[in-house]
Structures are given as structure tokens and as C-alpha cells.
Asks: 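Just dropping this structure here.
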Amino acid sequence: METLFFTIVAAVAVLSSILVITCKNPINSALSLVMTFFCLATFYVMLDAPFMAAIQVIVYAGAIMVLIVFVIMLLNIRSETGKRSNHAVAISSIVAFFVLFETCYFLFRSTAAKEGMGPLTSSVVESVGHTELIGKAMYSQFLLPFEITSLLLLVAIIGAVVLSKKKI
Amino acid sequence: MDALLALPPMYYVAMVAKVLIAFVFVLLTVAYATYAERKVIGFMQVRLGPMRTGWYGLLQPIADGLKLFFKEEVVPKQASTFAFLIAPLIALVPAFISFAVIPFGGNVEVFGYTIPLQIASVYDPTVGRVLDLNVGVLYILGMASLGVYGIVLAGWSSNSKYSLLGGLRASAQMISYELAAGLAIVSIFLMSGSLSLNQIVADQAGAFGVAGWYLFRNPFTFLAGIIFFICSIAEINRTPFDLPEAETELVSGFCTEYSSMKYAMFFMAEYANMVTVCAVTTTLFLGGWHGPAFLPGWMWFIAKVYFLIFCCMWIRATYPRYRYDQLMRLGWKVFLPITLVNVVATALWIMVVG
């Protein structure tokens, strides 16, 4: 049952991510990307990580993609027809291919998946709660990276204000 | 997932029954909310409202539905067909599926099997409590943030300047008010210590009665409740925040080019969103289905939801529409700072008073 469900969702994920790069119309591409995010969220739920799934939907599908769609609408890009590929596209696709190859190589070489469960099994997640576990880890063990990230975000916000204001 | 297969067959029957009941309830409420809105606003303006179709106009929603159903379906030639066709569906679906996590009553015993009146939940006899989605509130926020796609896509794909302006306004407005609404809920999390809606409702029961509701628990949650309700009204584009379809400036906003059933679906989405928002506010701030014992829980839930729907109509009959810059100022410069301070203040209150 679980394998069947996984196969269906994975098929949708692969199909929609192919559509992201093959759609002629940028809005349709963006919609396919939202669909891909949904499939990712489903995978998080299947991995006993409901908080991650909710955040995936709220942040990526709900906020970032809306902004992207917003920009596409404002720039009024209609479907792109007969545009020839240039060298930048070729170079970036070669780079992308090598990154993919490298990821696959290390993924298949690693033994982490065979080593069995860590301390956070699905029963622990169910009894304590996924949100609580993430919160505790983030505010104790990973406090420094968390604070650095918030500082980065603050800098980004100030940068956006400075860029958009004509007179400060 | 394997645990799902081990459940008794009664579980599946109950699940399907709950989905059907909730769906039919929301659909009927949506249909008659349109009638109620016209009647309520009519009375507030010393008119009678619809009177001709049926007794006191009671058949008006059905007549409206039939009329819209038999209208001609028009798709503009320059429209982006796929997005144009899918937009009403995207607007409608999130409004309905938010109901999956809202508890609309206590537990019910059927043939010795305990059924919690909440769609996405199951009673676990070994633990002796109801298990539901433990990120229920985040699920609702996620679905609310998806509703904006329907409107944005409708506005963009129609290829008309009024629709586009409506769509742009809608997306900016919904993103702005989503932030304040989300932050307002944070003070509820601080009080309940849980994101599961079932836990949140259970925490509001207690012996205090009305004083146990989060709205009246302390001054800061009261403020959070008011702000959440206002932001929710802004998020579902109702008056006084109905800028995306301001008919004096934008014809009909994002749904200018829509006709027939697709227009009806936008209409349904608007009212279904209103029902959902009222149900969420009831669950988070007004004690959910809890109330004095002389009525069953689901009746209290319906009564509270209907009262909030009435408040929405009351607001619509009372206030004029905001100007666009006023709307943005209210969202970013008033509500956002207040809710941010409110989160800290609630935390302090819990620390000092308990």
C-alpha cells in the first residue's frame, strides 16, 4: 500500500518537474513547480515529518511561488517561441549534469541508509511531536546557525528597503 | 500507513460519512449564506431582500444556481486556456479541504465504536484519546495561502487589464495579511502548547465556561482574536477589503472575464472561504464545539460559526471599502507590529500570571 502510494506520488513529482522545464508558458511552469512542491510535502508526511510538510507548503508553495508568479505577471512574459539556446544555457546544463552525477554517485556510495534508525524513530516523533523536536533542536543544539540565518535575513530585508527607497 | 490497513472496517465507513456530512453542510451553508447575506443586508438597509422565489425568497439560491448553470460559457480568445480553466478549481478546493482538520463536535458512539467528529482523526482505544493531525493549524494556514493562486491565475490568464489589476491586488493583499494572521495565531500556540486543533479545543473546555475560551483568557489573546478575524476577512477578500473585485474601479476584478459555472465557482469559493474562516476562528478563539451541556457539541459549533458569518455580513453592511494605500498601511504598519508585540506580551503574561 505504502509502496503503491509512493510510486504514484513519485510519478507525479517526476512528471511535474519535467513539465517545469518543458512548458512554453512561464505561468504553467510555475504551476508545475507548485505541484512538485506538493509531492515533496507528501514525501515529508510519509517520512513522519508533518511539520516539514506544512512548512514546505506554506513557505515554498504559498509564499515564494506566489512572489514568482507575481513577478511573471508584472513583467508580462508571454510564451517564448523560437528562441535559440545560447552558450550560457549549454554551459549551465553541463554544470547541472555534473552536479546531478556527483549527487547520484555519493548517494549510492553512502551507507547511511543501511545503518538502521537513529534515536528519532517514528514512534518517538509520534509521542513527542515533530514540531517540538525541531523546536528543541533548533533552539539548543543549532542555536548559532539559527541566529546567523536570522542575521542574514535581517541584512536581506534592510538591503531590499535600501534598494527600493529612492530617498532614505 | 500499514497501521491504516489494520483499522476496523467501521473506521472507513465513519470516515466517508464524516466527509459527506461536512461537505454537504458546507455546500448548503454556502448556498444559503448568499441568501442570508442578501436578506441581512436588505433588513439593515430597510429593504426586504429577495421575496419572489418561494416563501420569503427561500428558493432564491437554487434559482441563482440554475441561472448560472444554464448561462453560456465564454473563454476569451486571447486567454491562456489552461490557467483560465483551472483557476476556479484552484480557488474552490483549498476552501473546502481546510475543513478536514476542524473538530465540529465531541466523540460519538456508533455500534460501540467511538467516532470523533473531526474528519482527519481517529479514536485510539489503547491510548484512550483522539489522534489527529498534529500540525492542524499549519495545515489550515497552508491551505489558506494556496487559495491565492486561483485568484492570481484568474486575473493573469484572462488577458484583460481589469482582471490583471484585480489579480495583482489580490496577491499583494493576501500575502500581507497572511503574515499578521499567522502571527496572531502564535499567541494561541503559546497558550495551548500544541498545534493540534483537537488539543486546542480540549484546552479551552475546563470549568471556566466562557472564560476558558482563548478570546477571553487574557487581554492579549483577545487582541489576537480580533486581529485574526479582521486579517482573515482581508485574506478572503470580503468588504471592506474587497479591493480585488472593486466594481467601481475594476468592473468585477479578477473574475471579469468569467461566466456561467466558472463564475459560480468563484462565488462559491468566496462563501466557502467565509465559512472556513469562521469555523477556524470558532475553533481557535471561541472554544470550538464546547458550550453548556443542554445542546450537543455540534449544535454549539454551528451556532458559533453562524454567528461569525452574521458578523461578516454585518461588517459588509456597515463599512465602506478601503483605499488601496490604506489597506497596505493597515496590514504592514498597524497589524504586523501589533501582532509582533502581542506575541511577546502573551509570553510575558504566561510567565507572570500563568
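Here is the naming used below: chain letters follow the sequence lines, and residue numbers restart at 1 for every chain. Since this is a predicted model, take the numbers as computed values, not measurements. Computed from heavy atoms alone, side chains included, the values below leave out hydrogens, waters and symmetry copies.
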Asks: Got a second to check how far B:Leu146's CG is from A:Phe38's CZ, nearest 0.5 Å?
Replies: 4.5 Å
Asks: Using non-hydrogen atoms and a limit below 4.5 Å, what part of residues 92-103 of chain B faces chain A?
Replies: none
Asks: Select one option (side chain, backbone, both, neither) describing which atoms of A:Phe6 are under 4.5 Å from chain B's heavy atoms.
Replies: neither
Asks: Tabulate, in ascending numerical order, the residues of residues 135-142 of chain B having at least one heavy atom closer than 4.5 Å to a heavy atom of chain A, or enter 'none'.
Replies: B:Val135, B:Leu138, B:Leu141, B:Gly142
Asks: Should A:Leu31 and B:Phe82 count as side-chain neighbours, where that means a heavy-atom distance under 4.5 Å?
Replies: yes
Asks: Measure distances from A:Val34 to the heavy atoms of chain B and classify the residue's part below 4.5 Å as side chain, backbone, both or neither.
Replies: side chain
Asks: Suppose a student defines contact as a heavy atom less than 4.5 Å from any heavy atom of chain A. Which residues in residues 330-340 of chain B would they list?
Replies: none
Asks: Under 4.5 Å heavy-atom distance to chain B, tell me which part of A:Gln56 shows up: side chain, backbone, both or neither.
Replies: neither
Asks: Kindly check if the number of other-residue, nucleotide or ligand heavy atoms within 6.0 Å of OH (B:Tyr324) is above 12?
Replies: yes
Asks: Check whether B:Leu168 gets within reach of chain A through its side chain, its backbone, both or neither, counting any heavy atom under 4.5 Å.
Replies: both
Asks: Please flag which part of B:Val152 lies under 4.5 Å from any non-hydrogen atom of chain A: side chain, backbone, both or neither.
Replies: both
Asks: Can you list the residues of residues 59-68 of chain A that sit under 4.5 Å from chain B, counting heavy atoms only?
Replies: A:Ala61, A:Gly62, A:Met65, A:Val66, A:Leu67
Asks: Would you say B:Tyr162 has more than 12 foreign heavy atoms packed within less than 6.0 Å of its OH?
Replies: no
